Amino acid sequence: MLKKTLIALYIVVVAVMAAATIAEKYQGTDFVAMHVYGAWWFSALWALLTAVAIAWFLRRRVRRLSAVVLHLSFVVILAGALLTHLTAHRGMLHLRTGQTTSRYLVADIRGVHEEALPFSVRLERFSVKHHAGTMAAADYESHLMISHGADSDRVVVSMNNIYSQGGIRLYQSSYDEDGRGSYMAVNSDPWGIPLTYLGYALLFIALVWILIDPKGAYRQVLRQLMQGSACGLLVLAGSLLAPSDARADNVEAMPPTLPKEVAAEFGRLNMLYNDRICPVQTYALDFTKKLCGKRHYRGLTAEQVLTGFFLWPDEWSREPIIKVKNAQLRQALQLSPMSSVGNFFSEAKGGYIVGQLLQQYYGGQNDKLHQEAAKLDDRLQLVMQLRGGTPFRVFPYSHAGIITWYAPTSQLPAHMEPERKRYIQDIFGILYQDAHNGNYSRTTETLKKMQQYQLRYGGPSIPSARRIQAERIYNRFPFATILFMVNLTMGFIMLLLTIVRMARPNKGRHPASTRLAIGIFTLSLLALTACLALRWTITGHVPMANGYETMLILAWFIMLIAAAARLMLPRSVGTMLLSFGFLLSGFFLLVSHISQMDPQISHIMPVLQSPLLTIHVSVIMMSFALLSLTFICGLVGVVVDLMQKARQQAPARLMLLSQLFLYPALTTLGIGIFVGAIWANVSWGTYWSWDPKEVWALITFMIYAVAVHHRSLPWLRQPKAYHTFCILAFLSILMTYFGVNYFLGGMHSYA
């Protein structure tokens with residue numbers, strides 16, 4: 001009865017948290033904060049689950065110290081959370097420049113009221129630090145005068161830099177639009193935080209202890225897996241054919257453009273784009289891909305396409321370069337799959353033929369047709385803007401220590417020197433004349449002088465030569481596109497042959513094919529590593545700041561784990577893991593190409609500029625990589641179990657292989673979640689805010705934790721049941737990452 005009660009409560013807690021995240025989507029954060037997370041019954045539900053779990057733990061008479069410490073850590077963490085709930089005070093402090101106060105506002109069950117601070121605070125000034133030459137925020141800083149008694153201190157509160165005094169902590173939260181006021185979160189939690197941190201420490205120790213305990217369950221899995229080989233699991237063969245564009249290029253005359261070398265010189269200029277300074281080449285690639293869906297057009301480079309539209313706008317407006325993918329939109333507008341800019345303007349149809357659909361879209365019609373029309377209009381606007389030269393903010397100008405980048409059509413400041421103004425306003429006209437006269441040597445000379453101008457006046461806003469070179473190399477090779485095709489192709493071939501080999505165990509091995517696969521896998525891993533290293537060099541931070549980068553990191557971790565397992569485990573088991581590594585890494589690299597993912601490189605938000613970001617995201621991604629491998633083990637195990645000729649021990653061996661990944665996955669997931677909690681406490685003043693991403697990460701941890709309790713749940717000892725559970729549990733991973741990012745939202749959602 002006690003066991004059934006525990007299971008029922010466990011399921012109810014998970015279900016309530018999952019339902020709360022859905023309710024938050026439709027009812028709002030305040031609703032679930034009041035009626036679920038902040039309600040007495042929710043705390044009582046957790047308390048009841050904890051009490052029943054302790055009773056069951058004592059009945060089981062668990063003596064292994066690592067298990068005792070692990071479960072004790074959860075009790076301590078929950079006790080700390082209860083103390084925080086009962087004793088912590090949170091509020092908001094708003095100051096205008098020159099204003100002094102010793103009180104802050106608190107909103108609780110008593111309504112909105114003021115509380116006293118143990119010191120007085122004066123805002124001397126607030127400032128937003130920007131990345132040089134851009135408007136991208138690097139940090140938000142409140143310069144404060146803190147007075148306590150006769151003593152006064154000048155302090156700076158910024159993102160990830162808090163002020164603590166007398167049990168009160170101040171966090172930078174927001175600021176007034178005019179830049180003369182600052183909002184700071186105020187938090188006082190003297191009892192809950194120390195107890196919770198103690199629980200985190202116990203949890204970290206216990207999770208690592210379970211992995212290294214010589215008599216623990218994980219070491220038993222290792223010993224069983226190392227005994228013998230996994231019964232001849234794999235043979236692989238096949239080769240890869242590079243994908244090609246099936247559509248033959250038009251045989252029509254090429255539109256005019258600069259020679260490749262001259263256009264490349266234009267691409268070496270720097271410009272302000274996407275709120276950062278980068279080579280024009282980067283903008284040219286984005287421009288071309290948005291128009292025609294590829295990095296090139298009819299053998300022309302992206303720089304040639306860009307300069308063609310800029311210098312010969314009429315000729316290029318007749319070129320069928322605009323890709324219209326949506327069939328319904330093509331039919332509505334009577335367009336071809338590849339249309340020219342001119343096709344979108346017709347006097348007989350009332351001028352701009354997308355205009356009516358756009359008016360309907362902005363009037364509230366949000367179906368697929370109107371969404372595609374809006375996207376098409378965005379792409380056409382790129383061409384319209386280019387005709388005026390407005391995107392080319394290639395001229396840096398420094399005044400009062402602030403560097404601003406201007407386009408030739410920009411409103412130049414009145415204090416700018418007349419000679420400089422004339423240069424900025426006239427130089428593109430000179431380029432235009434030389435290009436139309438075919439004087440390409442002079443065009444190249446002019447472009448080189450423009451590069452020298454940028455180096456002279458761009459100052460610290462110009463990226464280092466190392467960063468520029470890294471970005472040009474990164475632009476040259478579409479790493480993720482190539483690798484997802486290679487890895488998926490190899491993955492499907494190897495997975496199919498793995499299953500066939502399990503069904504036909506007496507068939508001989510093919511070492512040459514295995515060596516070929518290992519070679520391709522190694523090259524793929526090195527290429528992905530180079531891709532991440534280049535993005536790291538370009539941005540100056542670990543590439544983990546958005547959905548696209550986390551997909552690359554996840555694919556990299558999967559390949560790294562598979563490569564390590566290939567070296568450490570028996571050869572047949574390790575070789576099978578290569579197929580898993582190929583397939584899963586290819587899948588996540590493919591996901592990085594979906595429309596919601598943004599591969600553009602940009603500055604990260606100030607709050608993400610913390611060393612804890614690297615630890616938190618990398619550990620979480622490693623956990624997801626390991627859990628993805630348990631999913632593949634589960635799929636193969638179920639398929640093999642259904643095959644009449646398969647060896648009976650194969651699903652059991654796959655279960656051992658899955659458990660090899662499961663235990664460290666739980667360790668890294670647990671550590672990642674609670675490192676994130678510490679980071680949140682440092683940055684926002686609360687270690688747990690019941691954000692949908694936090695909640696689903698906890699749900700995922702709780703679901704996968706079930707899989708290691710096979711002594712209490714005997715059905716998990718059956719390979720088929722275990723593999724089925726791992727397949728279904730993977731849905732929580734998908735919900736944690738994709739469901740939150742693209743459906744539930746919250747402060748952790750990003751793409």
Side-chain angles (χ1 to χ4, degrees), residues 211 218 221-222 225-226 229-230 233-236 238 240 479-480 482-499 501-502 511 513-532 550-592 618-637 653-665 667-669 723 726 730 733:
L211 291 183
Y218 185 63
V221 169
L222 278 175
L225 195 59
M226 294 299 291
S229 67
L233 296 176
L234 179 65
V235 67
L236 47 129
L240 296 175
F479 289 95
I482 295 172
L483 293 180
F484 97 71
M485 292 187 290
V486 170
N487 288 11
L488 273 183
T489 302
M490 289 296 298
F492 280 119
I493 291 173
M494 294 178 67
L495 184 62
L496 176 62
L497 294 177
T498 296
I499 295 173
R501 172 57 69 185
M502 286 182 167
S513 300
T514 302
R515 287 195 293 269
L516 175 63
I518 293 172
I520 295 173
F521 190 90
T522 302
L523 291 175
S524 180
L525 177 57
L526 290 175
L528 185 54
T529 303
C531 173
L532 291 169
T550 54
M551 284 295 96
L552 299 187
I553 286 287
L554 185 52
W556 184 78
F557 270 125
I558 288 171
M559 298 190 74
L560 193 66
I561 292 167
R566 172 68 177 77
L567 297 174
M568 297 170 59
L569 296 176
R571 181 171 297 177
S572 54
V573 178
T575 304
M576 180 181 65
L577 284 175
L578 291 184
S579 66
F580 295 177
F582 268 130
L583 191 64
L584 281 172
S585 62
F587 169 76
F588 287 115
L589 289 170
L590 173 62
V591 169
S592 72
S618 62
V619 173
I620 290 286
M621 289 298 103
M622 184 182 295
S623 171
F624 284 3
L626 290 163
L627 292 175
S628 299
L629 290 169
T630 69
F631 168 71
I632 290 294
C633 287
L635 279 180
V636 177
R653 307 260 329 153
L654 282 166
M655 184 172 76
L656 287 174
L657 187 60
S658 176
Q659 291 173 342
L660 176 72
F661 303 128
L662 177 63
Y663 282 89
T667 297
T668 50
L669 182 57
H723 289 314
C726 286
F730 190 69
I733 294 285

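Bear in mind that the values here come from a model prediction, so they are computed numbers and not experimental data. In what follows, residues are counted from 1 in the order of the sequence shown.
Looking at Y218 and L662, their side chains never come closer than 4.5 Å, going by heavy atoms from C-beta outward. Using a 4.5 Å cut-off on side-chain heavy atoms (C-beta onward), L488 and L589 make no contact. Side chains of F557 and S618 form a contact here, defined as non-hydrogen atoms less than 4.5 Å apart. The shortest distance between side-chain heavy atoms of L552 and F479 does not fall below 4.5 Å. Taking the side chain as every heavy atom from C-beta outward, L627 and F661 never approach each other to under 4.5 Å.
For the pair N487 and S524, the tightest heavy-atom approach, listed with the atom from each and the gap, is OD1-OG, 2.8 Å. When all heavy atoms are compared, the tightest approach of H723 to G634 is ND1-CA, 3.5 Å. Among all heavy-atom pairs drawn from A563 and F521, the shortest one is CB-CE2, 3.9 Å. Of all non-hydrogen atoms in L578 and I518, the two that sit nearest each other are CD1-CG1, 3.5 Å. Taking both residues in full, the closest heavy atoms of L560 and L525 are given as N-CD1, 4.3 Å, listed atom of the first, atom of the second, then distance.
Interatomic distance, CD1 of I733 versus OG of S623, reported as 6.0 Å (0.5 Å rounding). Distance OH/Y663 to OG/S658: 10.5 Å, rounded to 0.5 Å. To the nearest 0.5 angstrom, L554 atom CG is 6.0 Å from M621 atom CE. Annotation: the span from T522 atom OG1 to M559 atom CE amounts to 8.0 Å, rounded to 0.5 Å. If you take SG on C633 and CG on L657, they are separated by 4.0 Å, rounding to the nearest 0.5 Å. Annotation: the span from L669 atom CG to M622 atom CE amounts to 12.5 Å, rounded to 0.5 Å.
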Does L626 form a side-chain contact (heavy atoms from CB on, under 4.5 Å) with T630? I'd like the steps, not just the answer.
CA-CA 7 Å; L626 290 163; T630 69; 5.9 Å; no

Which is it for F582 and I520 under the side-chain contact (heavy atoms from CB on, under 4.5 Å) test, yes or no, and what are the steps along the way?
CA-CA 10 Å; F582 268 130; I520 295 173; 3.9 Å; yes

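Partners of S628 according to the side chain to side chain contact (heavy atoms under 4.5 Å, CB included) rule, which considers only residues two or more places apart in sequence or in another chain, are I558, L584, F588, F730.
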